[in-house]
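Worksheet: the structure to be examined is printed underneath.
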Amino acid sequence: MRGRTVLLLLVVGSGAGACGGDEEAPTGPTQAEIVSQYAKLVDRNYQEVVRTAEALDQAIQAFVADRTPAKLEAAKTAWLAARVPYGQTEAFRFYDGPIDDPVDGPEGRINPWPLDEAYIDRVPGADHDNNIIGDTTVTLDAETLGGLNEGGEGDVFGAGGNFNAEASIALGYHAIEFMLWGQDQNSAGPGTRPATDFLEPNGTLPNGNRRAQFLSVVSTILVADLRSVATQWASGGAYRSSFEADATTSLKKLMGGMGILAKGELGSERMDVALTTKDQEDEHSCFSDNTHVDFRMNMLGIQNVYLGRYGDLDGPGVQDLLRSSDAALEADMTAHLADLVATLDGFSPPVDQAISDSNSVGFQTLSSVVGKLYEAGDKVAAAAQAIGLGTISVELPE
Amino acid sequence: MRLGRISQALGFLLLGCGAAAGPGPADPARYWAGGRAGTVEVATDGAFSLPLPSLTGDAERQFFRGRALFRDQWVTAPASTETRDGLGPVFNARACFACHQKDGRGRGPEDGGDFVEGVVRLSMTMPSGEIRPEPNYGGQLQPSGIYGVPGEGRPKVHYRAIEGTYGDGQPYSLRQPELVVEALALGPLSETVLISARVAPMMIGLGLLEAIPEDELLAAADPEDLDGDGISGRANRVDDVQRGASALGRFGWKSNQPNVAQQTAGAFGGDLGLTTRLFPVGPCSPTDEACLAAPSGGDPEVLDAILEDVAFYSKALGVPAPRNVDDPEVVAGERVFDEMGCESCHRSGWTLGASELTQVEGETIWPYTDLLLHDLGEGLADHRPDFEANGQEWRTAPLWGLGLLGQVNGHQTLLHDGRARSFAEAILWHGGEGEAAKENFRTADAGTRAALIRFLESL
């Protein structure tokens, strides 16, 4: 089944003229072809997300079973690897799809931010047991931790009437990141939590076993949540089928998602706010100093959708549709996105140092990237107009 | 008409085909509820969340930064994200957005439910007439706390039904709320405490309301009812903390805040427990040791840059365009609105004066409010003075955008404490200066009443 899909897609991919060449060709791919290729790349991307999260989970469970520095390092390596595909999937957000469906989308359990560290564990300056790990009345299982997590908008506000001021952000990639690295106390590098924080007795912090247990459970929850999203996008999956059934509506959604990620989310929330606060740790992966990868992967995700590509999977994308309606805009947009990808690739980490010094080259680079991301969002809206989709909003929040 | 139907079909998408080409409907100026520079042509559940369409460049960037900070949750100190910590130690919510959901308004609870999508204000009136906070709990109840710090108490609402009949004999039922605070953490409330429960209002068009010229607002006031129409309309005078002076009140259910920036700083302090340059003192009661012992998130906890971005955001949300403005029933309802005397308080049009949002200057807007205080009678009274507003007075609530409340927030609870469940109930609660208008509505025939409601739904 799977094999057949890919084969089919390769045929479509080569026929669609993504490789250009024949300028005269009046007919580009159909909207349905773009949407179908999109579904395939989303599927492929989420498969990769699940695979890397499973690898992370294995590394974490191995560490929990045998809490050595080497196994901690292995878990960190697996976490960094898992962020690469995940960051790209964020281009599939912002239209109430499986990831951030207002009723049951798990985004607020998968990638919520900012993490409430002192709510989860003791930290310097709050060296007590008034936190999930320290409070031995809290059972560390999936159900209890799910109830203690209030992961931002999708969770708190979507369906309305489920206001829960007592819960805070306690799950997801960043909770795991916090467990593995610890707070980043050090301006020159990432957090340096010792493996001995997880030992009991003779640990460097109290509650080593509960800390290990927390890490283990949060990792299990993450894998389950990611699988639930991937399933909906798999070939024959419930969401995918309905998504492919209405190509025009879906095309608007997927372009809206690209634009909103570029402008409001990556451009503003993740970059411009940090450039304004100049807070070293006002960055998504602050414990591991991996925020530059988050930036790159978000940007790559936008470009993936535009090109109809993920990794070595390639086919007709928004680009091809745009080329047949407005070749000049297509050329402009292609160059603009490529420039953004290249600039972020060339950006030298760590982000925390760049944002805290407005005279640094890094700061200037990020600042110009923000402006270009805003333009990218507006270009996506213009592209939708050119394709004949009418006005789409790249301004709406998630 | 067009706008409503198509945008529903498009789901989350903005409907803009009409936008560039000019006004959809034939007339009416009122279609541009927020003026040309302030109206967004969207009728989906994101209708309250869009920037003024005229924002560009740095202003647009500031808006989006403010949006992120309005939505993100704040965290316990000390956190790695130093600029985002300092929540509480006691607080109402972790994010502005928790109460102002989708930039809309909080829901009035069901019978027996917790009053959480708003705030419970507390005060005492001294024998001298001076207004002070409750000695133990302060000016506001904070029902939640960071881990290990108990919240101050749980506000619960119970309703009592009040039956009535329209002039044509059709019965209706209103619900009169009673608020009780359970699980008080710091002992009983003072016996003479005054309590006012208020849901979070909508965030749309606040920068436009701020740009209504003060002298025009004052000219509309008629404190002694000299024109003898039974409607006075008083301006509130409140503290302007930044200027250290008294100023005209415009925001809050009793016009108890002079401007959006101060309201924003007040919300950080009171609702989230975060100190700002304007309000540098935290939310702990002097007797709450757990609260006092908790770490601070800095001094102040909210950077000026963040305060400014959030205040700017709060000013720069656009107003959704009305729908169905040339539907005959809506047009008839608009006339009824005027004839019944609603317009005497819910004044439709204003022309804007100077504003930091220069693009809105000189625009005409249609908020349906005079921003003044009116005595709406005993039924709605909270008996709690707020600056110069007495215990029976409320600010005329703006009506723009209310027709989209169901779509955006999934409820139709109205009035300061969310007790009304429909437009009709909200009108039927009007007493005092609003009694005559209410009676006009109550005694009108069903068709006239329906037309008026259709008009309100179009806003």
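In what follows, chains are A, B, ... by sequence order, proteins preceding strands, each numbered from 1.
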Check: Are Arg67(B) and Glu395(A) close enough, and set up right, to give a salt bridge (Lys or Arg N to Asp or Glu O under 4.0 Å), and what steps lead you there?
Finding: CA-CA 11 Å; Arg67(B) 174 193 275 175; Glu395(A) 248 107 68; over 6 Å; no
Check: If you round to the nearest 0.5 Å, how far is CG of Asp121(A) from OH of Tyr147(B)?
Finding: 11.5 Å
Check: What part of Gln62(B) gets closer than 4.5 Å to chain A, counting heavy atoms only: side chain, backbone, both or neither?
Finding: neither
Notebook entry, point to check: Which distance, rounded to the nearest 0.5 Å, do you find between the OG1 of Thr277(A) and the CG of Asp309(B)?
Noted result: 9.5 Å
Item checked: Side chain, backbone, both or neither of Ile132(A) within contact of chain B (heavy atoms, under 4.5 Å) -> both
Checklist line | Members of residues 170-182 of chain A whose heavy atoms come closer than 4.5 Å to chain B | finding: none
Next item on the list: Say whether, by atom type as modelled, one donor and one acceptor occur between the side chain of Glu117(A) and the main chain of Ser80(B) under 3.5 angstrom.
Entry: yes
Notebook entry, point to check: Is a side-chain donor or acceptor of Asp272(A) paired with a backbone partner of Arg65(B) at a separation under 3.5 angstrom?
Noted result: no
Margin query: At a 4.5 Å cut-off on heavy atoms, which part of Tyr374(A) comes close to chain B: side chain, backbone, both, or neither?
Written below: side chain
Notebook entry, point to check: Using non-hydrogen atoms only, which part of Ala167(A) is less than 4.5 Å away from chain B: side chain, backbone, both, or neither?
Noted result: backbone
Margin query: Could you measure the distance from the CZ atom of Arg61(B) to the CG atom of Leu275(A)? Nearest 0.5 Å is fine.
Written below: 7.0 Å
Margin query: Would you say Ser168(A) and Arg94(B) are linked by a side-chain donor-acceptor pair, where the criterion is simply a distance under 3.5 Å?
Written below: yes
Check: When you measure from the side chain of Asp116(A) to the backbone N and O of Thr76(B), does any donor-acceptor pair fall under 3.5 Å?
Finding: yes
Next item on the list: Tell me, please, which residues at least two apart from Pro283(B) pass side chain to side chain contact (heavy atoms under 4.5 Å, CB included).
Entry: Pro89(B), Val90(B), Gln142(B)
Check: Using non-hydrogen atoms only, which part of Pro109(B) is less than 4.5 Å away from chain A: side chain, backbone, both, or neither?
Finding: neither
Notebook entry, point to check: Who among Asp282(A), Asp129(A), Val123(A) has the most heavy-atom pairs with chain B under 4.5 Å?
Noted result: Asp282(A)
Checklist line | Contact leader toward chain A among Gly46(B), Gly106(B), Ala79(B), where contacts are heavy-atom pairs under 4.5 Å | finding: Ala79(B)
Notebook entry, point to check: Can you find a pair of side-chain heavy atoms, one from Val42(B) and one from Ser393(A), that are under 4.5 Å apart?
Noted result: no
Next item on the list: Heavy-atom distances under 4.5 Å only: say whether Ile146(B) touches chain A with side chain, backbone, both or neither.
Entry: neither
Item checked: Approximate separation, where rounding is to 0.5 Å, of Arg84(B) CZ and Asp279(A) CG -> 8.0 Å
Margin query: Less than 4.5 Å to any heavy atom of chain B: does that hold for the side chain of Lys278(A), its backbone, both, or neither?
Written below: neither
Check: Of all residues at least two apart in sequence or in a different chain, which pass the ring pair (Phe, Tyr, Trp, His ring centres under 6.0 Å) check with Phe92(A)?
Finding: Tyr38(A), Tyr46(A)
Margin query: For Glu150(A), is there any backbone N or O sitting under 3.5 Å from a side-chain donor or acceptor partner on Gln73(B)?
Written below: yes
Next item on the list: Under the salt bridge (Lys or Arg N to Asp or Glu O under 4.0 Å) rule, collect the residues that match up with Arg198(B), sequence neighbours excluded.
Entry: Asp382(B), Asp386(B)
Next item on the list: Please state whether the side chain, the backbone, both or neither of Phe63(B) comes within less than 4.5 Å of a heavy atom of chain A.
Entry: neither
Notebook entry, point to check: Pick from Val370(A), Leu115(A), Thr248(A): which one has the most heavy-atom pairs with chain B under 4.5 Å?
Noted result: Val370(A)
